Amino acid sequence: MKIATWNVNSVRTRLVQVTHWLQENQVDVLCLQETKVVDESFPRSSFTDLGYETYIYGQKSYNGVALISRSPLSEVSMSFGAILPESIVGDLDEQKRVITGVLDGVRVVNLYVPNGSAIDSDKYIYKLHWLKVLREYLQALLQQSSSLLVCGDFNIALEDIDIHDPKNRSKQVMATDAEREALRNVLSLGLSDAFRKFTQEGGNFSWWDYRTGAFRRNAGWRIDHHYVTPDLYEQAVSCTIDTTPRHLTQPSDHTPVVVEL
DNA sequence: ATGGCGAGAGGATCTCGA
């Protein structure tokens, strides 16, 4: 089973690139983030024409996630509120960032973690709170299923080797101690980084800033991840970053990460 | 040290991303 995660930065702008990639890379589930489109306007037929099922959860202009699956998924749900009580979720579901479904006994969770903007901003506080609620959400899912694959754009580089230039990282959003601690607290549920089963070296990134020629310089960050429970970690046979789409003209600033179980 | 680029909304120039 192959699962891919890709923040496409607008599914409509990237539609040709995404469908082409899907034809070249026969993944079972493609997890999209930042689709940036309401459900009524999601380009479903481009995917159904290729034989894929679409499960979408979008909003106007911002955020939005989708599962593109070769086989029908079961137990599909969107939002924290589908699993957790309103008293815990509060208003977090106003931003569409969570979708999940089950394929062959594996629960796939597709996340678009908040960016956080800047330290000391309200959005940074929001991000840390969101990660606390994420832990509750995943804990609830783990009570239903022991095989969990949590992937997406986490907007966090967990280790210094996940950043091209880690100096000053303590002041940089996506790399602060508080963000890393919040993510490690999530992973303490029993989730491990599938990519690090196979690759220990730095210099492997999944996002490069559009500005300053960051991709040419490989000045990137590894912030798109596949975190899996021990059974799936054992089953994983590869986890790779496909930089091919990032070379295209008018690319997303992220590139796909693929895990094979 | 700062800003760089790109997308959406809307119809000039904002906000937002990371």
Side-chain angles (χ1 to χ4, degrees), chain A residues 5-18 31-43 46 56-66 91-92 94-98 110-131 134 151-180 182-183 202-225 241 243 245-257:
Chain A
T5 179
W6 191 3
N7 179 325
V8 289
N9 186 16
S10 173
V11 69
R12 288 180 292 182
T13 297
R14 226 66 63 197
L15 187 56
V16 171
Q17 292 185 16
V18 175
C31 301
L32 300 177
Q33 303 90 36
E34 279 209 272
T35 52
K36 293 189 172 180
V37 63
V38 293
D39 294 347
E40 307 84 75
S41 303
F42 191 98
S46 297
I56 59 181
Y57 186 49
Q59 68 180 84
K60 191 175 174 182
S61 305
Y62 306 116
N63 310 313
V65 286
D91 62 1
L92 291 183
E94 288 175 9
Q95 301 183 14
K96 312 307 184 195
R97 300 178 176 277
V98 181
N110 174 17
L111 302 175
Y112 177 43
V113 177
N115 162 276
S117 188
I119 304 174
D120 299 330
S121 69
D122 289 344
K123 289 175 186 169
Y124 182 77
I125 304 298
Y126 183 94
K127 180 179 193 174
L128 295 177
H129 175 60
W130 196 94
L131 288 163
L134 174 63
C151 68
D153 176 3
F154 283 77
N155 275 316
I156 296 174
L158 203 51
E159 301 177 282
D160 286 353
I161 58 169
D162 296 324
I163 312 172
H164 71 281
D165 181 7
K167 78 171 177 294
N168 300 325
R169 68 100 182 153
S170 65
K171 294 186 175 63
Q172 288 183 273
V173 72
M174 302 196 296
T176 64
D177 288 339
E179 288 165 274
R180 289 181 174 182
L183 180 51
N204 295 288
F205 308 123
S206 63
W207 172 81
W208 300 261
D209 200 308
Y210 282 125
R211 299 164 291 188
T212 69
F215 185 60
R216 287 198 311 274
R217 300 184 288 117
N218 197 27
W221 294 58
R222 195 173 71 89
I223 56 176
D224 300 270
H225 307 295
I241 300 171
T243 57
R246 193 63 178 79
H247 285 88
L248 301 172
T249 55
Q250 203 182 9
S252 168
D253 43 356
H254 297 251
T255 212
V257 184

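Computed from a prediction, not measured in an experiment: that's the story for all the values here. Scope of the values below: all heavy atoms of this structure, side chains included, with no hydrogens, waters or symmetry mates. Order of the sequence lines sets the chain letters (A, B, ...), proteins ahead of strands, with each chain counted from 1.
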Does [N] have OP1 or OP2 sitting under 4.0 Å from an N or O in the side chain of [X]?
X: Gln250(A); N: dA7(B); value: yes
X: Arg14(A); N: dA7(B); value: yes
X: Ser61(A); N: dA9(B); value: yes

In whole Å, what is the span from the [atom1] atom of [X] to the [atom2] atom of [N]?
X: Arg246(A); N: dC5(B); atom1: CZ; atom2: P; value: 13 Å
X: Gln17(A); N: dA7(B); atom1: CD; atom2: C1'; value: 14 Å
X: Lys60(A); N: dC16(B); atom1: NZ; atom2: P; value: 14 Å
X: Tyr62(A); N: dG10(B); atom1: OH; atom2: P; value: 10 Å
X: Lys36(A); N: dC16(B); atom1: NZ; atom2: P; value: 12 Å
X: Lys96(A); N: dG8(B); atom1: NZ; atom2: P; value: 19 Å
X: Asn9(A); N: dT15(B); atom1: CG; atom2: C1'; value: 14 Å
X: Leu32(A); N: dA7(B); atom1: CG; atom2: C1'; value: 16 Å

Nearest-0.5 Å distance that lies between atom [atom1] in [X] and atom [atom2] in [Y]:
X: Tyr210(A); Y: Asp253(A); atom1: OH; atom2: CG; answer: 4.0 Å
X: Thr35(A); Y: Asn9(A); atom1: OG1; atom2: CG; answer: 10.5 Å
X: Tyr57(A); Y: Asn110(A); atom1: OH; atom2: CG; answer: 12.5 Å

Exercise for review: Considering non-hydrogen atoms only, spot the tightest contact between Asn155(A) and Tyr112(A) and give its length.
Suggested key: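 It is ND2-CE1, 3.8 Å.
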Practice item. Return the 5'-most residue of the pair Asn63(A), Thr35(A) with respect to DNA chain B, ranking by each residue's nearest nucleotide. Key: Thr35(A)
Check your understanding: Between Arg211(A) and Met174(A), which has a closest nucleotide on DNA chain B that is more 5'?
Key ->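 Whichever sits nearer the 5' end wins; that is Arg211(A).
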Check every strand shown and say whether [X] touches a base, only sugar-phosphate, or nothing at a heavy-atom separation below 4.0 Å.
X: Thr212(A); answer: base
X: Gln172(A); answer: nothing
X: Tyr124(A); answer: nothing
X: Trp221(A); answer: nothing
X: Asp209(A); answer: nothing

Check your understanding: Looking at dG8(B), dA9(B), dG17(B), which one has an atom nearest to any side-chain atom of Tyr112(A)?
Key ->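 So the nucleotide nearest the side chain must be dG17(B).
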Study note, to complete from the structure: Against the side chain of Tyr210(A), the closest entry in dT15(B), dC5(B), dG10(B) is dC5(B)
Judged by modelled atom types alone, do [X] and [Y] share a side-chain donor-acceptor pair under 3.5 Å?
X: Thr13(A); Y: Gln250(A); value: no
X: Arg222(A); Y: Asn204(A); value: no
X: Glu34(A); Y: Asn63(A); value: no

Check your understanding: Is dG4(B) in the syn range, within 90° of 0, or in the anti range?
Key -> syn
Distance, [atom1] atom - from [M] to [N], rounded to whole angstrom:
N: dG4(B); M: dT13(B); atom1: P; result: 16 Å
N: dT2(B); M: dA7(B); atom1: P; result: 27 Å
N: dT15(B); M: dG10(B); atom1: P; result: 15 Å
N: dA1(B); M: dC14(B); atom1: P; result: 27 Å

Exercise for review: Map every base of DNA chain B to its dot-bracket character, where paired means a Watson-Crick or G-U wobble contact with both distances under 3.5 Å and | marks a partner outside the strand.
Suggested key: ....(((((...))))).
Exercise for review: Give a yes or no on whether Asp120(A) atom CG has more than 12 heavy-atom contacts from other residues, nucleotides or ligands under 6.0 Å away.
Suggested key: no
Review point. Any side-chain heavy atom of Met174(A) within less than 4.5 Å of one from Trp207(A)?
Key: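 Sidechains of Trp207(A) and Met174(A): in contact.
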